[in-house]
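Here the structure is a predicted model, which means the values were calculated and not measured.
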Amino acid sequence: MEDDNAVQDRDHKFLSRAVEEAYKGVECGDGGPFGAVVVRNDEVVMSCHNMVLKNTDPTAHAEVTVIREACKKLNRIELSDCEIYASCEPCPMCFGAIHLSRLKRLVYGAEAEAAIAIGFDDFIADALRGTGFYQKAHLEIKKADGSGAVIAEQVFEKTKSKFTMY
């Protein structure tokens, strides 16, 4: 087992790479100051930054982008033998992507409050529940009922044989 100092040094090395990506993305105008790195067996698989402005895509956060690119590079939909380093605490969307890709470890640098303090707000769960101090969701949210709910639920039953989950 690695000692604590070795783990700390390794984490610092890869987190520094994520922070470099954050600066790089801002410098070239691609998006906000966020970077992320996927690591496998102590090697960087992929390193990306926020691409929201460049891709005109509000979902192109650094973590989502690096997961997409790492999966393409490794030609698979799960990253269970990989770790992710993020320059900032992931928003719920990014945390969802991290969870769905089965990454085994997340190391992040800044807390979300640091991003919020300069105008970034991604506390989506708070916004959806209307409990957010900084942001409320400006959309109506309704769970379908009746036949709408039934046909949507049937999709899973009718297609389950086509999917073997990892």
Specify the closest pair of heavy atoms between Arg40 and Leu74, including all atoms of both residues, with the distance to one decimal.
NH1-CD2, 3.3 Å
Minimal heavy-atom distance between Ser47 and Val37, with the atoms involved, is OG-CG2, 3.7 Å
How are the rings of Phe14 and Tyr85 set to each other: parallel, tilted or perpendicular (split at 30° and 60°)?
tilted
Under 3.5 Å: donor-acceptor pair, side chain of Lys54, backbone of Gly31
no
Does the pair Asp81 and Lys104 meet the rule for a salt bridge (charged side-chain N to carboxylate O under 4.0 Å, His left out), with working shown?
CA-CA 6 Å; Asp81 59 345; Lys104 67 179 179 179; over 6 Å; no
Heavy-atom closest pair, residues Ala6 and Asp3
N-OD1, 2.7 Å
His49 side chain reached by Thr65 side chain, heavy atoms, under 4.5 Å
no
If you apply the rule salt bridge (charged side-chain N to carboxylate O under 4.0 Å, His left out), what do you find for Asp11 with Arg105, and how did you get there?
CA-CA 11 Å; Asp11 285 351; Arg105 186 165 180 256; 2.7 Å; yes
With a sphere of 6.0 Å drawn around CD of Gln154, does it hold more than 12 non-hydrogen atoms of other residues, nucleotides or ligands?
yes
Roughly how far, to the nearest 0.5 Å, is the SG atom of Cys94 from the CD atom of Glu89?
11.5 Å
Taking every non-hydrogen atom, the tightest pair across Asn55 and Ala60:
ND2-CB, 4.2 Å
Does a salt bridge link Glu69 with Lys72, judged by any charged N lying under 4.0 Å from a carboxylate O?
yes
Would a distance-only check, ignoring hydrogens and angles, find a side-chain to backbone donor-acceptor pair under 3.5 Å from Asn41 to Glu43?
no
So, does Ser87 use its side chain to make a donor-acceptor pair with the main chain of Val19 at under 3.5 Å?
no
Side-chain contact test, heavy atoms from C-beta onward, threshold under 4.5 Å: evaluate it for Val107 versus Glu83 and give yes or no.
no
Measuring from atom CZ of Phe95 to atom OH of Tyr108, what distance do you get when rounded to the nearest 0.5 angstrom?
10.0 Å
Side chain to side chain donor-acceptor pair (under 3.5 Å) against Ser80, all qualifying residues, sequence neighbours excluded
Glu78
Locate the shortest heavy-atom distance separating Ala86 from Leu106; write the atom from each residue and the value.
CB-CD1, 4.4 Å
Closest contact, heavy atoms only, Arg76 versus Cys82:
NH2-SG, 4.3 Å
Can you find a heavy atom in the side chain of Asn50 that is under 4.5 Å from one in the side chain of Glu21?
no
Side chain to side chain, Leu79 and Arg102, heavy atoms closer than 4.5 Å
no
Quick check against the 3.5 Å criterion: does Asp57 have a side-chain atom that pairs as donor or acceptor with the backbone of Thr59?
yes
Is Ile98 close to Ile67 at the side-chain level, that is, under 4.5 Å between some pair of heavy atoms?
yes
